[in-house]
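All values below were derived from every heavy atom in this structure, side-chain atoms included, with hydrogens, water molecules and symmetry-related copies excluded. We count residues from 1, following the sequence as given.
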Amino acid sequence: MSASDCHNSSDPSHLSSSPVHLLALPVLLILLFLPAAEPVKLTDVTRESGIGFISASSREKKYIVESVNGGVAMFDYDGDGRLDIYLLNSCTVEGVLAGRACPPAALYRNLGNGRFEEMAAKAGIAEPGWAMGVSVADYDNDGDDDLYVTCFGANKLYRNRGDGRFEDVTASAGVGDTRFSTGSAWGDYDRDGDLDLMVTNYVAFRLEDLPQFGKGALCQYKNIPVQCGPRGLAGAGDTLYRNNGDGTFTDVSMKAGVEDTPGYYGLGVVWSDFDNDGWPDIFVANDTVPNYYYRNNHDGSFSEMGLQSGLAVDETGGEQSCMGVAIGDYDRDGRLDLVVTNFSEQYNTIYRQLPDGSFADVSRATKTADVSMPYVGWGTKFFDYDNDGWLDLLVVNGHVYPQIEGAYAGGMYRQRKLFYRNLRNGTFAEVASESGAALLEKRASRGAAFGDYDDDGDLDLIVNDIDGPPMLLRNDGGDRAGNWLNLNLIGTKSNRNAIGARVTLRASGLTQVEEVRAGDSYLSHSDRRLHFGLGRAAIIDQVRIQWPSGRVSTVNGVKPNRMITIREE
């Protein structure tokens, strides 16, 4: 095991260990009565960063296939150490039936000065088709991150050639599912060192058999004519691809028991070792039907344990319209918890993991439920925005029916974001109104990806909207936030991305637990490098890594405010 510094900033002055003298007491008394520090802000810097992307979308959203797209990824495609951004675009039913090409996706290369340049066509990934979502992983362990794009139609696997360009290897790899695919995520379920791929599919939607919007064959919401689905449409099933280690994959869905025989409506998906046995499990967020929790049986198969685990439904036993999913130990008890975003009039659900490994819906107890009721939630993540050592939560929102705007009291198609600050006592406070005007701007948001794109030690995010431009939100924490550590893991016996590695960090009496993942939020991919807020901790007592291979590494006495890379040995 080795550790190397990639970035180091000077220690904050408030960490000085000099003794306090009596002469300093008047100064301290003055400081006590100074106004409180201004809250950390999330600032919209999209335009000034050079991101000029516009999502093309049907204005009326007559069909469900036009409403659920909007994935985005933050990853370093060219290996220069800076996070780049990949934004997916979508088609319209009218455009496809008229024979028009789908609008292009965009790849923004990070120039390192707060600005980006668009490179999708040059990189060969501008035309994935009717794109939905994206996940990123080095599936061939060659040191370059590859892209998997889910679509309405054939999915795409783009292999990174390492020279700034990608090649479409979908056919040779055998991962071109032609159904209506939505979420995707990578994990090494058999622990052989090669990353496998889980893909969720939504509904069996056919352009040849469209409902006649406005002509009788119509669905309604609050007596307003709207698009139909997913209820009333057939489900499409899910797929697990096993990596053969030679650039090809095998569909093992049936053998593994994750094929989704009932035909549920899969959207979000994430891998995590929920039961702490060293083997990655799968959670699938299903729309309007129970969620799936697949527990890894260690023999190439899974057992569906959604109802037994408490993750299938809400606290009343009700099914929800689940979309985005995020994982994190929000209460710092050493166990990973989940949040699932839902439809309006259904609160976003926080599932707390209990000591016996089951989960409880604690949404109301955490004081996050009520404020979320009017909103339709999509991309989400637990992340420590102010570096105090405790995970906060952001949810991006937007309705699926444009027709509701102003049609009844409270009818909102475009919606603001929800931002919850962790109060460190098991509850959250919704603080969007004090965290920057951008969070209150009403948008039709979908995917959200997180990462420190400007390398200043706090997490930023990019939100993909389906009606207009995206929103790059820069975290302007700076001196108002605490210390931090960014951790880059490189597997050797494990997969090179170290996807599935469990990290335990101890500093100043606080223990933090996190995993490396590839694919989360809503149809999106956040930077796989791990970020830890440290508050006022001047030293990190220990960083412990349990690698997917089963090996364990420890590093002691790590200084904060830097990026370190640890290689499996």
Side-chain angles (χ1 to χ4, degrees), residues 1-4 6 75-76 79 135-148 157 159-160 162 173 184-198 240-250 252 256 269-283 294-300 302 327 336 485-505 512-520 525-532 542-555 558 563-569:
M1 179 209 49
S2 61
S4 60
C6 297
F75 74 115
D76 179 12
S135 59
V136 180
D138 182 7
Y139 78 91
D140 52 1
N141 290 323
D142 67 351
D144 300 303
D145 282 340
D146 313 297
L147 284 173
Y148 189 74
L157 177 61
R159 179 181 175 272
N160 193 328
S184 67
W186 299 83
D188 185 6
Y189 81 95
D190 50 3
R191 295 185 14 174
D192 65 353
D194 298 310
L195 286 172
D196 313 299
L197 176 63
M198 182 69 184
L240 174 61
Y241 293 106
R242 181 182 181 272
N243 191 330
N244 299 323
D246 59 0
T248 68
F249 292 77
T250 300
V252 296
V269 59
V270 67
W271 293 83
S272 182
D273 181 12
F274 293 110
D275 55 1
N276 303 312
D277 64 355
W279 295 76
D281 312 299
I282 306 170
F283 176 82
Y294 294 111
R295 189 179 66 189
N296 196 321
N297 294 329
H298 312 174
D299 60 0
F302 294 80
I327 296 175
L336 294 173
L485 180 74
N486 285 341
L487 186 60
N488 181 37
L489 301 183
I490 299 177
T492 53
K493 184 177 181 182
S494 305
N495 66 86
R496 197 178 192 281
N497 283 160
I499 304 301
R502 175 75 63 95
V503 175
T504 304
L505 181 147
Q512 303 186 43
V513 176
E514 186 55 285
E515 288 177 332
V516 182
R517 300 186 190 91
D520 62 357
H525 176 94
S526 297
D527 182 19
R528 62 178 174 80
R529 298 174 299 184
L530 301 181
H531 173 88
F532 295 92
Q542 185 182 81
V543 177
R544 181 184 185 274
I545 304 105
Q546 181 174 328
W547 300 90
S549 66
R551 296 182 179 184
V552 175
S553 302
T554 58
V555 182
V558 178
M563 167 78 77
I564 66 170
T565 294
I566 300 178
R567 184 180 297 272
E568 180 183 21
E569 290 187 354

Checking Asp520 side chain against Val270 main chain: does a donor-acceptor pair fall under 3.5 Å?
-> no
State, with a plain yes or no, whether a side-chain heavy atom of Leu197 is found less than 4.5 Å away from one of Tyr148.
-> yes
Salt bridge (charged side-chain N to carboxylate O under 4.0 Å, His left out) with Arg159: which residues, sequence neighbours excluded?
-> Asp140, Asp142, Glu167
Taking the side chain as C-beta and beyond, is there a heavy-atom pair between Asp188 and Asp196 under 4.5 Å?
-> yes
Less than 4.5 Å apart, any side-chain heavy atom of Tyr139 and any of Leu157?
-> yes
Using modelled atom types only, decide if a donor and an acceptor are shared between the side chain of Asn244 and the backbone of Asp246 within a distance under 3.5 Å.
-> no
Which heavy-atom pair separates Asp194 from Gly245 by the least distance, and what is that distance?
-> OD2-CA, 3.5 Å
Identify the two heavy atoms, one from Asn495 and one from Pro548, that lie closest to each other, and give their separation to 0.1 Å.
-> ND2-CG, 4.0 Å
What orientation do Phe249 and Tyr241 show, parallel under 30°, tilted 30 to 60°, or perpendicular over 60°?
-> perpendicular
Spacing of Leu489 atom CG and Trp547 atom CH2 [to the nearest 0.5 Å] = 4.5 Å
Salt bridge (charged side-chain N to carboxylate O under 4.0 Å, His left out) against Arg529, all qualifying residues, sequence neighbours excluded = Asp527
By salt bridge (charged side-chain N to carboxylate O under 4.0 Å, His left out), which residues pair with Asp76, not counting sequence neighbours?
-> none
Who pairs with Glu515 by side chain to side chain donor-acceptor pair (under 3.5 Å), at least two apart in sequence or on another chain?
-> Ser272, Arg502, Arg517
Among Ile545, Thr554, Val503, find the one that has a side chain to side chain contact (heavy atoms under 4.5 Å, CB included) with Ile566.
-> Ile545
Is there a side-chain contact between Asp138 and Leu195, using heavy atoms and a 4.5 Å cut-off?
-> no
Below 4.0 angstrom, N of the basic side chain to O of the carboxylate: do Asp192 and Arg242 qualify?
-> yes
Give the intermediate values and the outcome of side chain to side chain contact (heavy atoms under 4.5 Å, CB included) for residues Asp145 and Asn497.
-> CA-CA 9 Å; Asp145 282 340; Asn497 283 160; 3.3 Å; yes
Compare all side-chain heavy atoms of Phe274 with those of Ile327 and state whether any distance is below 4.5 angstrom.
-> yes
Candidates Arg191, Glu568, Arg551 - the one meeting side chain to side chain donor-acceptor pair (under 3.5 Å) with Ser494 | Glu568
CG of Asn488 to CD1 of Ile490, rounded to nearest 0.5 Å, is 5.0 Å
State which residues pass ring pair (Phe, Tyr, Trp, His ring centres under 6.0 Å) with Phe302; sequence neighbours excluded, sorted by chain then number.
-> Tyr189
Min side-chain heavy-atom separation Asp273-Asp281 under 4.5 Å | yes
Quick one: list whatever passes ring pair (Phe, Tyr, Trp, His ring centres under 6.0 Å) with Tyr294, sequence neighbours left out.
-> Tyr292
Can you name the closest pair of heavy atoms from Ile499 and Ala518 and give their distance?
-> CD1-CB, 3.8 Å
Identify the two heavy atoms, one from Gly519 and one from Ser135, that lie closest to each other, and give their separation to 0.1 Å.
-> CA-CB, 4.2 Å
Once you round to the nearest 0.5 Å, how far does CG of Leu530 lie from CG of Leu505?
-> 10.0 Å
To the nearest 0.5 Å, how far apart are CD1 in Ile282 and CG in Asn296?
-> 7.5 Å
Which distance, rounded to the nearest 0.5 Å, do you find between the OG of Ser553 and the CZ of Arg567?
-> 12.0 Å
Min side-chain heavy-atom separation Leu487-Glu514 under 4.5 Å | no
Closest heavy-atom pair, Leu240 versus Ala256, reported as atoms and distance to 0.1 Å, is CD2-CB, 3.7 Å
What's the spacing between Asn486 CG and Phe532 CZ if we round to 0.5 Å?
-> 9.5 Å
